[in-house]
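Working notes, beginning with the structure itself.
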There are 2 protein chains.
Amino acid sequence: MTPQRRAIVDCLAATRVHPTADEVFADVNSRFPMTSRATVYNTLNLLLDAHLVNIVEEAGLKRFDPNIEPHHHFICSICGMVEDIESPEKDQLTLLNVGNHVVESMQITVRGKCAACINRGIRADG
Amino acid sequence: MTPQRRAIVDCLAATRVHPTADEVFADVNSRFPMTSRATVYNTLNLLLDAHLVNIVEEAGLKRFDPNIEPHHHFICSICGMVEDIESPEKDQLTLLNVGNHVVESMQITVRGKCAACINRGIRADG
DNA sequence: ATCCAATTTTAGATGTATTCTAAAGGCATG
DNA sequence: CATGCCTTTAGAATACATCTAAAATTGGAT
Ligand SMILES: [Mn+2]
Ligand SMILES: [Mn+2]
Ligand SMILES: [Zn+2]
Ligand SMILES: [Zn+2]
């Protein structure tokens with residue numbers, strides 16, 4: 001556990017915004033200016049392999065999610081924001097068979113417009 | 001509607017495999033050898049803007065889905081195959097509010113191992 | 001403390017998917 | 001035929017991610 005790795009882990013633990021690798025890099029770099037992108041990617045991939053973080057893909061970006069409890073996401077179609085859903089919906093899902101495939105997990109993605117974007121839009125109109 | 005565009009639309013209409021842009025390019029190019037990648041990407045993005053196709057992102061790839069009816073997907077964690085779910089699960093989902101956000105759609109992603117990959121694995125073992 | 005092997009970090013090169021650009025081509029209209 | 005508009009094309013440019021090889025750091029053994 002090096003300072004760089006600690007900074008990366010801390011960055012993930014402190015956020016709920018599902019940052020991209022580049023956002024993690026920017027954050028870590030502000031505290032450890034010499035940290036390279038490669039270290040950030042290496043460490044994130046180590047965390048992935050160890051199942052300590054998950055990935056949420058959206059708009060061509062891989063966003064990293066330190067919340068490894070099964071949960072669902074809301075994604076804003078305007079600003080791209082990804083937010084955890086403290087899921088009552090989870091209980092709606094029975095893990096059932098799909099064809100002859102072996103099902104391991106099920107996840108809901110909810111799309112729409114986030115409150116911030118709606119407010120921005122209303123102000124822009126008025 | 002040019003021959004290239006028709007070929008791209010036909011390619012999408014004929015498949016259920018959620019091809020990538022490059023897979024569409026390969027298919028179209030086999031019939032119209034001079035078609036460029038730019039035309040494929042341009043046309044796919046036009047179709048997206050017109051809401052005639054959707055995107056399914058997986059493993060860093062954008063896969064194109066001509067099925068614009070709301071539906072769900074099974075994704076194989078081994079081969080990456082994306083398959084529509086003729087959804088009884090759809091009815092499990094009530095389109096409910098998430099925070100102060102405006103919900104527009106909800107989609108289930110089921111992950112696991114596909115039948116083909118399971119068979120391949122069993123043969124490899126035996 | 002010194003040496004050494006193993007691991008980690010770094011800068012930059014490389015890879016891969018996608019988008020952009022500028023010129024050429026097609027097609028309809030006057 | 002000349003004009004304008006849209007499409008296509010090839011290749012350059014961009015963006016995100018991964019790989020490489022050398023330097024730096026670590027921890028254990030002497
Ligand atoms: Mn999450
Ligand atoms: Mn589909
Ligand atoms: Zn938003
Ligand atoms: Zn499979």
Side-chain angles (χ1 to χ4, degrees), chain A residues 1-12 15 17-66 73 75 77 79-82, chain B residues 1-12 15 17-66 73 75 77 79-82:
Chain A
M1 178 60 75
T2 63
Q4 292 92 336
R5 289 188 177 183
R6 185 176 310 280
I8 291 165
V9 169
D10 287 352
C11 168
L12 286 172
T15 189
V17 304
H18 305 81
T20 63
D22 222 56
E23 287 165 355
V24 173
F25 168 72
D27 182 90
V28 168
N29 215 50
S30 72
R31 282 174 287 157
F32 295 85
M34 296 320 288
T35 308
S36 77
R37 275 187 169 74
T39 295
V40 173
Y41 278 103
N42 285 345
T43 304
L44 289 173
N45 284 330
L46 284 175
L47 292 172
L48 275 177
D49 291 346
H51 300 287
L52 294 173
V53 301
N54 285 126
I55 273 192
V56 183
E57 287 189 55
E58 173 63 14
L61 293 176
K62 294 179 181 178
R63 298 187 163 274
F64 292 86
D65 189 346
H73 289 117
I75 300 179
S77 55
C79 67
M81 179 272 286
V82 177
Chain B
M1 178 60 73
T2 62
Q4 291 93 333
R5 289 187 177 183
R6 186 176 310 281
I8 291 166
V9 170
D10 288 351
C11 167
L12 286 172
T15 188
V17 303
H18 306 80
T20 64
D22 220 56
E23 287 166 354
V24 174
F25 168 71
D27 182 271
V28 168
N29 214 50
S30 72
R31 281 173 288 157
F32 295 85
M34 297 319 286
T35 308
S36 77
R37 276 187 169 73
T39 295
V40 174
Y41 278 102
N42 286 345
T43 304
L44 289 173
N45 285 330
L46 285 175
L47 293 172
L48 275 177
D49 291 346
H51 300 285
L52 294 172
V53 301
N54 285 127
I55 274 192
V56 183
E57 287 189 55
E58 173 63 14
L61 293 175
K62 293 180 182 176
R63 299 188 162 274
F64 293 86
D65 188 346
H73 289 117
I75 300 180
S77 55
C79 67
M81 179 270 285
V82 178

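Predicted, not measured: the structure shown is a model, and the values here were computed from it. Every chain is numbered from 1, with letters handed out A, B, ... down the list of sequences.
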Exercise for review: Using a cut-off of 6.0 Å, state whether more than 12 heavy atoms not belonging to B:R6 lie near its atom CZ.
Suggested key: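 At most 12 heavy atoms, drawn from other residues, nucleotides or ligands, come within 6.0 Å of this atom.
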Rounded to whole angstroms, how far apart are [atom1] on [X] and [atom2] on [N]?
X     : N      : atom1 : atom2 : answer
B:Y41 : D:dA15 : OH    : C1'   : 13 Å
B:D49 : C:dT19 : CG    : C1'   : 14 Å
B:L48 : C:dT18 : CG    : C1'   : 13 Å
A:N29 : C:dA11 : CG    : C1'   : 13 Å
A:L47 : C:dT8  : CG    : P     : 12 Å

Heavy-atom check, side chain of [X] versus side chain of [Y], under 4.5 Å:
X     : Y     : answer
A:R5  : A:L46 : yes
A:C11 : A:I8  : no
A:V9  : A:L12 : no

Next on the checklist: If you compare all heavy atoms of A:P19 against all heavy atoms of A:V24, which two are closest, and at what distance to 0.1 Å?
Outcome noted: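 Closest approach of A:P19 to A:V24: CG-CG2, 3.8 Å.
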* **Nearest atoms (heavy-atom pairs only) where A:S36 meets A:F25** =>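 Closest approach of A:S36 to A:F25, heavy atoms only: C-CE1, 3.8 Å.
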**Study point:** Option passing side chain to side chain contact (heavy atoms under 4.5 Å, CB included) with A:H73 (candidates A:H18, A:M81, A:E58)
**Key:**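 When A:H18, A:M81, A:E58 are each tested with A:H73, the side chain to side chain contact (heavy atoms under 4.5 Å, CB included) holds only for A:H18.
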For B:N45, report the nucleic acid contact type (base, sugar-phosphate, nothing); a contact means any heavy atom under 4.0 Å.
->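 Sugar-phosphate, backbone atoms only, no base.
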Which parts of residues 55-66 of chain B get close to DNA chain D, meaning a heavy atom less than 4.0 angstrom away?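 Close to the strand, none.
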For nucleotides 7-12 of chain D, 5' to 3', base contacts (B), sugar-phosphate-only contacts (S) and non-contacts (-) with protein non-hydrogen atoms under 4.0 Å give SSBB--
**Request:** Any chance you could measure A:T15, atom OG1, to A:D65, atom CG, to the nearest 0.5 Å?
**Result:**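 Taking OG1 in A:T15 and CG in A:D65, the distance rounds to 10.0 Å.
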Q. Checking side chain to side chain donor-acceptor pair (under 3.5 Å) against A:R37, which of A:D22, A:N29, A:N42 comes through?
A.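 Per the side chain to side chain donor-acceptor pair (under 3.5 Å) rule, the option paired with A:R37 is A:D22, out of A:D22, A:N29, A:N42.
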Quick check: does any side chain N or O of A:D27 sit under 3.5 Å from a backbone N or O of A:E23, one acting as donor and the other as acceptor?
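Answer holds: no.
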After noting the C-alpha distance and the side-chain angles of A:T20 and A:F64, does the key distance pass the side-chain contact (heavy atoms from CB on, under 4.5 Å) rule? CA-CA 6 Å; A:T20 63; A:F64 292 86; 5.8 Å; no
Scan nucleotides 24-26 of chain C against the protein and return all N/O pairs shorter than 3.5 Å with their distances rounded to 0.1 Å.
none

